[in-house]
Amino acid sequence: MNQTEGRLVLPEDQYNLDLLSHVHPPDYRNPTPASRYNLVVIGGGTAGLVAATGAAELGAKVALVEHRLLGGNSLNVGSVPSKAMLRSARAAAGIRDCADYGMKIRNGYEVDFRAVMERVRKLRARIAPEHGVDALRRKGVDVFIGTGRFIDRHTIGVNGEKLKFTRAVIATGTRPALPKIPGIEGIDLLTNENLYWLTELPKRLAVIGSGASGAEMAQTFARFGSEVTAYDITPAFMPGEDSDAAAIVRQSMEKDGVKFLLGVKDMTFSKSGSEIHVRVMEDGSERIGAYDKVLMCAGRVPNLEGLNLESVGVKYNEQGITVNDRLCTTNRQIYACGDVASQHKYGHAADAQAHMVIGNALFFAAHRVSELNIPWAIYTDPEIAHVGVCGALPARRGLETIQLSFENSHRAILDGQDEGMIKIHYDKKGFIRGATIVGSHASEMISEIVVAMNHRVKLGSLASDIHPYPTQSEIIKQCGDANRRFMLTPSISKFLKWILDLRR
Ligand SMILES: Cc1cc2nc3c(=O)[nH]c(=O)nc-3n(C[C@H](O)[C@H](O)[C@H](O)COP(=O)(O)OP(=O)(O)OC[C@H]3O[C@@H](n4cnc5c(N)ncnc54)[C@H](O)[C@@H]3O)c2cc1C
């Protein structure tokens, strides 16, 4: 579909050549396989890299198979390049809003998109060696570049070589979903796999899908100066999110100029010269938009093709590989982790699961995914971060909720970033069961809640922990204070008053 399909990375500048020299060295020769491996890992993204290096560091004989770019989505076409772009977009918004902070820019400002993308490639190349062939070999992993496929219950084939294993891990990740939209075959679609190849800013951009990735990129391109329209078939923006949180982010994105067409039906694409027309029905009326580029952010599909899973008894469905709570597949010798086997499609979740797999597959551990508190963040401005229960679930489970606006945070007020809020859900004993934070540093702040949940620190106890003033995380302490005030029941108040009266 894309003219550049089949290419590993573009443009071929010094930074991308540097990247490739680590993650897919052009002159690389696969080693001679060992007679048998303790562990063979298919997929060299976050999950595969962590499983392979962790196991090798413990003394296992390990092989890792990757057919495209070591580092997977996260390094090459996901977290790393997207967050580098977001940072530039935040800088652009800072300059745009500088009058709010008492600054004047006399001759206007301009976003140099080529320079933005060069910075993305430069920073990605800087991080790449951590994920590269040399780093893996230094840790004792045999790296095979090629497509892995099960030959039988004890053997994985790659480029005609046979890798015998005692245990195998499938960590083949996901790729962008391409919904069956009429006309889709005729257009050069952008997905996360070729987005970072851009060197020209699209003047008009349609973003299909208003989930985390779609929202992050819609805001980013709008801040760079593209006219952005975000489409979604669901009527709600960020349908999986807390609705109050989504509303705050939507308002901020609208300020950035993003237009929303939500709850649309009957989408079709067509081309007219270099323009792409997106036609939808909205509330019974036809809407046609003309764009230079269309970015597809409509979900992910698992990479399962060609693995020959049937022959080794590994079950799967359209969501991914079927695993039990210990990440074992329906074949006891084969485990799966990361995006291909998880509803939590985040780098840190893939990392945590890969650590579990090492213990469960190679030793006698029984780590369970259900025991993990996995936080997640959306890096829009303001950010959204979560851990534990959220949305309608806390009310359904009979949990209590404390909610405070960032208008209560001196730091947020002073920074001019008081659009945000925190919600903490807790049970009758005061143990935290979940939280949602929306604010400029939400992704950093959520970790305090994760620590409290993992170490069973009650919400009220957080009030005793001193937070530096003025910081946004003080608002977590304020939630603790509020919880303590709720604990002050009429009978406790009466008792305290009785003591005070006695001691007067
Ligand atoms: C645009 C975007 C932004 C993101 N931002 C964030 C973020 O900010 N924070 C966050 O935590 N997460 C983020 N994520 C998610 C994160 O990238 C993934 O959760 C993470 O990459 C999952 O790692 P993985 O190893 O499971 O899969 P992947 O990274 O997909 O790696 C799988 C690897 O397996 C290889 N492979 C597949 N089949 C075979 C085969 N048969 N033989 C050999 N190799 C094979 C693939 O080439 C790939 O390299 C983002 C994702 C995207 C798309």
Side-chain angles (χ1 to χ4, degrees), residues 8-9 23-24 30 40-53 63-87 120 131 143-150 156-159 163 168-177 190-196 207 209 211-218 220 295-309 320-321 323 327 335-354 357 374-380 383-386 443 446:
L8 284 173
V9 66
V23 300
H24 192 108
N30 286 340
V40 177
V41 181
I42 309 182
T46 307
L49 290 173
V50 172
T53 53
L64 179 131
V65 186
E66 167 59 52
H67 63 178
R68 287 178 64 79
L69 303 171
L70 288 166
N73 276 336
S74 182
L75 171 70
N76 300 291
V77 291
S79 335
V80 168
S82 64
K83 267 74 247 179
M85 271 181 93
L86 256 66
R87 183 61 189 87
V120 170
H131 306 275
V143 181
F144 291 83
I145 302 289
T147 301
R149 171 186 167 82
F150 287 96
I156 287 168
V158 51
N159 293 356
L163 311 180
V169 175
I170 304 167
T172 49
T174 59
R175 61 180 185 278
L190 289 176
T191 68
N192 72 296
E193 295 192 340
N194 59 3
L195 178 69
Y196 308 104
V207 178
S213 290
E216 287 180 3
M217 282 303 125
T220 296
L295 172 63
M296 188 58 74
C297 299
R300 314 285 304 169
V301 288
N303 292 322
L304 302 170
E305 294 73 16
L307 288 169
N308 197 19
L309 296 175
I321 299 201
V323 287
L327 296 168
Y335 287 70
C337 59
D339 284 9
V340 76
S342 173
Q343 60 175 59
H344 296 284
K345 299 198 189 319
Y346 310 103
H348 49 274
D351 181 304
Q353 291 177 6
V357 161
I374 301 175
W376 73 93
I378 300 176
Y379 297 87
T380 44
E383 297 174 344
I384 302 182
H386 290 290
S443 61
I446 199 74

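All heavy atoms count here, side chains included; hydrogens, waters and symmetry mates do not. First listed ligand is number 1; within each ligand, the first listed atom is number 1. For this chain, numbers begin at 1 and follow the sequence in order.
- Residue-ligand proximity, Y379 to ligand 1, at heavy-atom distances under 4.0 Å covers atoms 8 (O).
- Of the protein's heavy atoms, E66 OE2, 2.7 Å lies nearest to atom 47 (O) of ligand 1.
- Of the protein's non-hydrogen atoms, G173 CA, 3.3 Å is the one closest to atom 27 (O) of ligand 1.
- Between A377 and ligand 1 there is no heavy-atom distance shorter than 4.0 Å.
- Close N/O approach between T46 and ligand 1 is found [any backbone or side-chain N/O within under 3.5 Å].
- Within ligand 1, counting atoms from 1 as listed, the ones closer than 4.0 Å to a heavy atom of G72 are 29 (O), 31 (O), 49 (O).
- The K345 neighbourhood of ligand 1 comprises atoms 15 (C), 19 (O), with distances under 4.0 Å to a heavy atom of that residue.
- The atoms of ligand 1 that sit less than 4.0 Å from any heavy atom of G338 are 26 (O).
- The contact set between ligand 1 and T147, taken as ligand atoms under 4.0 Å from a residue heavy atom, comprises 41 (N), 42 (N).
- Contact annotation for T174 and ligand 1: only backbone heavy atoms (N, CA, C, O) come within less than 4.0 Å of the ligand.
- At a heavy-atom distance under 4.0 Å, only side-chain atoms of S82, from C-beta outward, approach ligand 1.
- Under 4.0 angstrom from ligand 1, the non-hydrogen atoms of N192 all belong to its side chain.
- Both the backbone and the side chain of N73 come within 4.0 Å of ligand 1, counting heavy atoms alone.
- Close approach of ligand 1 to K83 (heavy-atom distance below 4.0 Å) involves ligand atoms 5 (N), 6 (C), 7 (C), 8 (O).
- Shortest contact from atom 25 (O) of ligand 1 to any protein heavy atom: A47 N, 2.9 Å.
- For atom 9 (N) of ligand 1, the closest non-hydrogen atom on the protein side is S79 OG, 3.9 Å.
- Neither the backbone nor the side chain of V158 comes within contact range of ligand 1; no heavy atom lies under 4.0 Å.
- Under the 4.0 angstrom criterion for non-hydrogen atoms, A171 is in contact with ligand 1.
- Taking every heavy atom of H348 and a limit of under 4.0 angstrom, the matching atoms of ligand 1 come to 11 (O).
- The side-chain contact (heavy atoms from CB on, under 4.5 Å) search around V120 returns P81, A84, M85, M117, not counting sequence neighbours.
- Taking every heavy atom of L69 and a limit of under 4.0 angstrom, the matching atoms of ligand 1 come to 49 (O).
- By the criterion of a heavy-atom distance under 4.0 Å, the side chain of R300, and not its backbone, is placed next to ligand 1.
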